[in-house]
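To start, the structure itself, in structure tokens.
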Protein chains: 2
Amino acid sequence: MKPKITLKDIARELEVSISTVSKALKNSEEISRDTKDKIQAFAKLYNYKPNNIAVSLKNRRTKNIGVIIPDIVHHFFTTVISGIEKYANAKGYNVLVCVSNESFDREVINMELLANGSIDGFIMSLSSETQLKKDYNHIKEVTQQGIPLVMFDRVTPEIACDKVVIDDEQGAFLAVKKFIESGKKRIALVTTDDYLSVSKARAMGYEKALKSHGISLDPSLILKLPSMEVEEEAFEAFFSDKKVDAVLCVNEIFAIHAMRLVQLKGKRIPEDISFIGFTDGLLSKYAMPSLTSIAQHGEIMGEEAAKMLIEKVEIETEEEQFSTTVLQPTLMERESTK
Amino acid sequence: MKPKITLKDIARELEVSISTVSKALKNSEEISRDTKDKIQAFAKLYNYKPNNIAVSLKNRRTKNIGVIIPDIVHHFFTTVISGIEKYANAKGYNVLVCVSNESFDREVINMELLANGSIDGFIMSLSSETQLKKDYNHIKEVTQQGIPLVMFDRVTPEIACDKVVIDDEQGAFLAVKKFIESGKKRIALVTTDDYLSVSKARAMGYEKALKSHGISLDPSLILKLPSMEVEEEAFEAFFSDKKVDAVLCVNEIFAIHAMRLVQLKGKRIPEDISFIGFTDGLLSKYAMPSLTSIAQHGEIMGEEAAKMLIEKVEIETEEEQFSTTVLQPTLMERESTK
DNA sequence: TATCAACACGAAACCGTTTTCGTAACAATT
DNA sequence: AATTGTTACGAAAACGGTTTCGTGTTGATA
């Protein structure tokens, strides 16, 4: 048990002042070669490392960035974290992860906790409850304090900040186009309620693609789940009385679930019914049959968000100039479509 | 843009001393009701929140715990984080996540970075490279500094600290027992090289179960992959020339992969060949057929690790008393076995 | 009336750095 | 010999809190 050595310890031991030690370790011109050599050697010998907390307090910079996500078990979010980590670490930043668990209250608590000096900036994706409540005061407060913020994926126009999203509408459009071009006519959409920004955009893309191909919208072909939870009965009911030949799902889980259901009913994928999901994760890759999927490029999204944030953190100008980066989704074709 | 208000600001505004403000906000007995009311009202009005960094510096406590994991996209680890987060947040701690990405160097860098005051304690799982190199100096240094450490899942006897693991040997034993009891004879094991502590234990359980049921070990039925990467050709080769009727895989991915392969070869699961995997994640649940799996209870593991750590962090005694919690794995039976 | 708690508050040290500014010692210049 | 300029270092303030201790003002007590 050897406690950390401090500047003061070195100063006492070498009979110089604390400031001399500090400067010597920074290789300051002010200090003579001899003294620097002596101090640096001593510091290395005792493995001196400056205390991050003290440095943070002094510099008013923590080199930490706070990430608030709705759910960490969801594959998409982990890929985003992965991207954030990668970029942030390369720039010497640590990543503080907080999970809101789709809860408004936890989102507020986490933000307030981190906002009190623990981090230099936020990267976040809204919890579903927050999007439902439309209460963004906790976020506004943070931005008003001048803490840089980047939102990704689940964003809102009500907050002025940098954003990075994929073109969800375009993603859905691509998927439906794919269906239509392979001869499908009765194309279903399985989605969540509209309050989730991304679901809304995807529904728009779905409608647009139908319209632009001269297919009229049949509202009975849209299944809206109240949350991201899979509701067995709703699926059961929807797929037993509808005659559909293609299904677009707003996430992997819905898609896998639906595929399983129709396969048990004896239908063949993709001959009888095709599937496309959002979020190109492990589930899509390993499903049987593997699932054609709209890749959201989470890792790139994370890197981009981290890049935008760190830029804002390190720049000192006061002018508020925000931008939104829109990533293009890509369709990963697999066995569930032909 | 309104910068944060500090004690000093309040003191100046209300014409009292900083110490009075500090005490008043902590509801100290020393301060009169009147003054406290006035100060507390003012603080609430201006939404005063103490600066975490300053408090940390003073108290030498950050209320942060550092988590270092090999990989964040791996479902098991995210469930562990989830558990850690849950317990830690309830106790008022933040979680700093760093990903070593299975690299020794990144593990070292991350630990050194966090050890300099950013966190009160570590929770970690070894990177595969570290287990391969058997170089634990960076970890020893941290423990020697008196920073509490809890290791989970991928641990080593070389470090004296609290640990939480599942009984991997028992997990494998259960799986093989299940195979044997349902009449399987030629039971394969798909694993990674032995340097991964968990793989080793699982192989032990596999051998033990065979032995205790009077089946002799056939080394040709063991496929050892050099890493966690799926090597297509190795799988292909292994499954084309071996006659196996059951396969135990040390993770989900291997299992899903193998299942797909044998299904393409026209075999039926579980009639012709049964499968069991480790890590009871989404993939197991949604595979076709769904995969019988040994649940590692990641969330519980995370909660337990956080609990052990925070206990150590908050206790002040010097005595070093370490314990290892062994969680019992459970077999989640699904369609891939009968 | 002198003494003494109790009360209510402030001064100052402290956590471990960084950084500005002041200055002693010496050399170089006129 | 007086002035100026370097060089090499130290003192001290600052970051934003917490906490110990000291003290002026009361009212009660002997």
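All values below were derived from every heavy atom in this structure, side-chain atoms included, with hydrogens, water molecules and symmetry-related copies excluded. Given the structure is predicted, the values throughout are model-derived calculations rather than measurements. Lettering of chains follows the sequences in order, A, B, ..., and the numbering in each one begins at 1.
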May I have the distance from [X] (atom [atom1]) to [N] (atom [atom2]), rounded to whole angstrom?
X     : N      : atom1 : atom2 : result
A:K49 : C:dT18 : NZ    : C1'   : 20 Å
A:N52 : C:dG16 : CG    : P     : 13 Å
A:K38 : D:dC9  : NZ    : C1'   : 11 Å
A:I39 : C:dT18 : CD1   : P     : 13 Å
B:K8  : C:dA12 : NZ    : P     : 15 Å
A:L7  : C:dT19 : CG    : C1'   : 13 Å
B:E29 : C:dA6  : CD    : C1'   : 13 Å
B:L57 : D:dA14 : CG    : C1'   : 12 Å

**Prompt:** Where does the angle between the aromatic ring planes of B:F77 and B:H74 fall among parallel (under 30°), tilted (30 to 60°) and perpendicular (over 60°)?
**Reply:** perpendicular
**Item:** Geometric cation-pi criterion B:K133 and B:F104, 6.0 Å radius, 45° cone
**Value:** yes
Can you find an N or O donor on one side and an acceptor on the other, under 3.5 Å apart, linking the side chain of [X] with the base of [N]?
X     : N      : value
B:K4  : D:dG16 : no
B:K26 : D:dG17 : no
A:K58 : C:dT18 : yes
A:S32 : D:dA8  : no

**Message:** Pairing donors with acceptors under 3.5 angstrom, does anything connect the side chains of A:S103 and A:S100?
**Reply:** no
**Prompt:** Just checking, any donor-acceptor pair under 3.5 angstrom between side chains of A:E299 and A:T79?
**Reply:** no
**Asked** Hey, does B:T35 reach any base, or is it just sugar-phosphate, or nothing, if we go heavy atoms under 4.0 Å?
**Response** sugar-phosphate
**Prompt:** At under 4.0 Å between heavy atoms, what does A:K23 touch on the DNA or RNA strands: base, sugar-phosphate, or nothing?
**Reply:** base
**Message:** Need to verify one output field. Residue with the more 5' nearest nucleotide on DNA chain C, B:S19 or A:S22?
**Reply:** B:S19
**Asked** Closer to the 5' end of DNA chain C via nearest nucleotide, is it B:A54 or B:K36?
**Response** B:K36
Between [options], which nucleotide has the shortest distance from any of its atoms to the side chain of [X]?
X     : options                : answer
B:T6  : C:dC21, D:dG17, C:dC15 : D:dG17
A:E30 : D:dC9, D:dT19, C:dG16  : D:dC9
A:I18 : C:dT18, C:dG16, D:dT19 : C:dT18

**Message:** Taking atom NZ as the centre, does A:K312 end up with more than 12 heavy-atom neighbours from other residues, nucleotides or ligands that are less than 6.0 angstrom away?
**Reply:** yes
**Request:** Give a yes/no on whether any side-chain N or O of B:Y48 is located under 4.0 angstrom from OP1 or OP2 of D:dG16.
**Result:** no
**Prompt:** Would you say A:R60 reaches D:dG16's phosphate, i.e. side-chain N/O to OP1/OP2 under 4.0 Å?
**Reply:** yes
**Asked** Can a salt bridge be assigned to the pair B:K86 and B:E303 using a cut-off of 4.0 Å between side-chain N and carboxylate O?
**Response** yes
